Amino acid sequence: MNATSCIELSEQSLNANYAFVRKLLGKKGIRISSVVKGNAYGHGIEIFVPMAEACGINHFSVFSDDEAYRVYHSGNGKSDIMIMGEIASNAFDWVIDKEISFFCFSKGRLLMALNEAIKVGKPARIHLEAETGLNRTGFNFSEMKEVISLIKENSEHFEVVGLCSHLAGAEGIANYLRIKKQRQRFKAFDKMLKEAGFKNYCRHLACSAALVRYPDTRYDMVRLGIMQYGFWPSPEIFIEYCGNRPMKKSPLERIISWKTRVMNVKDVKTGEYIGYGTSYIAHQDMKIAVIPVGYSHGFFRSLSNKGRLLVKGERVPVVGTVNMNGTTIDVSGIDGVKPGDEVVIIGHQGEQEITVASFGEFSNFLNYELLTRLPEHIPRMVVPD
Ligand SMILES: *Cc1c(COP(=O)(O)O)cnc(C)c1O
């Protein structure tokens, strides 16, 4: 059976994005952890992980144990997996047994890990999460002191593999002072762990925006999310990166494309309404095409009368409301459009391109949300270029 649309991922563009980040990081041996939460930002964990491994990535960050499970079963078995968020209480034994590391941000989780580590007979590999100012998860200074003694008393059951924290909006210039405080606090936590005698733990603080804007946050590893998929975390970060460089062209390449095909073509006379209700009236004789992709496939209803797609290398508007399984586009004046013709929802066709941002709200900020809402059921395939 064929799906009504298909997502393609470009191997060459992914390679280019990693090459760009590696060049930024320089020769200091800073590790890249590929962040694949949210179904690899909508790209699909099962297809993305092997692609990233082929590009030399051997560390993956996920949000929860179910995502860790999917990475574990789609990778080559040699990569490290790190859980940054939720672990169900009945999943700790699996996580510890598979030597998957995880963030520790509460005493409850630490005790749970201890219990399970004893049962499994292997140490729990933990990253101590410091509260530096995001105020979501993490130990503050006094809690960290307690935690350190608890770990020392049970040292055979814990392996402190990391010290981490997360920044509260490194992509926005307005957050500069808050981020500065966080960077200072993180240093103090690092000192605390060193003084407590911990060695060889991996310090990681930076997300995409921070690794560009604040080189001092790169430490031993960066958690690379949105940029590996070819998007800037915000327009500000791109502008700042361009700053004093002569080339104003983005070195990042979108790796995702989303394509469907024409299902039907028909003529509509002046004065007729198109689709449900009265949201669109033909002001002249028109030719319209229907594509078999609607809001159930992740093409937002809010794109009714707004979205743009590519047919025969031309940019065409959505007319009328987006339906559950179909969307109507205006192909008046484009010669020879027929059922089966390729329609690009995201990506290139001829000289034209629809980026994720322009498919959505005309704002880079929402790339994160738009991508992660691409349904898992759309088939994905790797393409070389
Ligand atoms: C999502 C996430 C990242 C990656 O953020 P990007 O801006 O996509 O690079 C890094 N760290 C944590 C804790 C995250 O949740």
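Each ligand, and each atom within it, is numbered from 1 in the order the structure gives. Here the structure is a predicted model, which means the values were calculated and not measured.
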Around [atom], find the nearest protein heavy atom and jot down its residue, atom name and distance.
atom	value
atom 12 (C) of ligand 1	His166 CE1, 3.4 Å
atom 7 (O) of ligand 1	Tyr368 OH, 2.8 Å
atom 9 (O) of ligand 1	Ser208 OG, 2.5 Å
atom 11 (N) of ligand 1	Arg223 NE, 2.8 Å

Review point. Checking Arg178 against Tyr176: charged group under 6.0 Å from the ring centre and within 45 degrees of the axis?
Key: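 Output no; distance or angle outside limits.
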Review point. Under the 6.0 Å and 45° cation-pi test, does Arg203 pair with Phe189?
Key: no
Point to revise | Ala209 N/O under 3.5 Å from ligand 1 N/O | key: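 The answer is no, given that Ala209 and ligand 1 share no N or O pair closer than 3.5 Å.
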Practice item. May I ask you to say whether Asp80 pairs ionically with Arg31, meaning some side-chain N is under 4.0 Å from a carboxylate O? Key: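 Looking at Arg31 together with Asp80, the answer is yes, because their closest N to O distance falls below 4.0 Å.
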Practice item. Output yes when Asp190 and Lys187 qualify as a salt bridge under the 4.0 Å nitrogen-oxygen rule, no when they do not. Key: no
Check your understanding: Say you draw a straight line from CE of Met286 to CD1 of Ile274; how long is it, rounded to the nearest 0.5 Å?
Key -> 4.0 Å
**Study point:** Value rounded to 0.5 Å, distance of CG in Asp216 from CZ in Phe186
**Key:** 10.5 Å
What are the atoms of ligand 1, with element, lying closer than 4.0 Å to any heavy atom of [X]?
X	answer
Tyr41	1 (C), 4 (C), 5 (O), 6 (P), 8 (O)
Ile226	6 (P), 8 (O), 9 (O)
Lys37	1 (C), 2 (C), 3 (C), 14 (C), 15 (O)

Practice item. State, without any angle test, whether Ser257 and His348 hold a side-chain donor-acceptor pair at a distance under 3.5 Å. Key: no
Exercise for review: Using non-hydrogen atoms of the residue, decide whether Phe63 is closer than 4.0 angstrom to ligand 1.
Suggested key: no
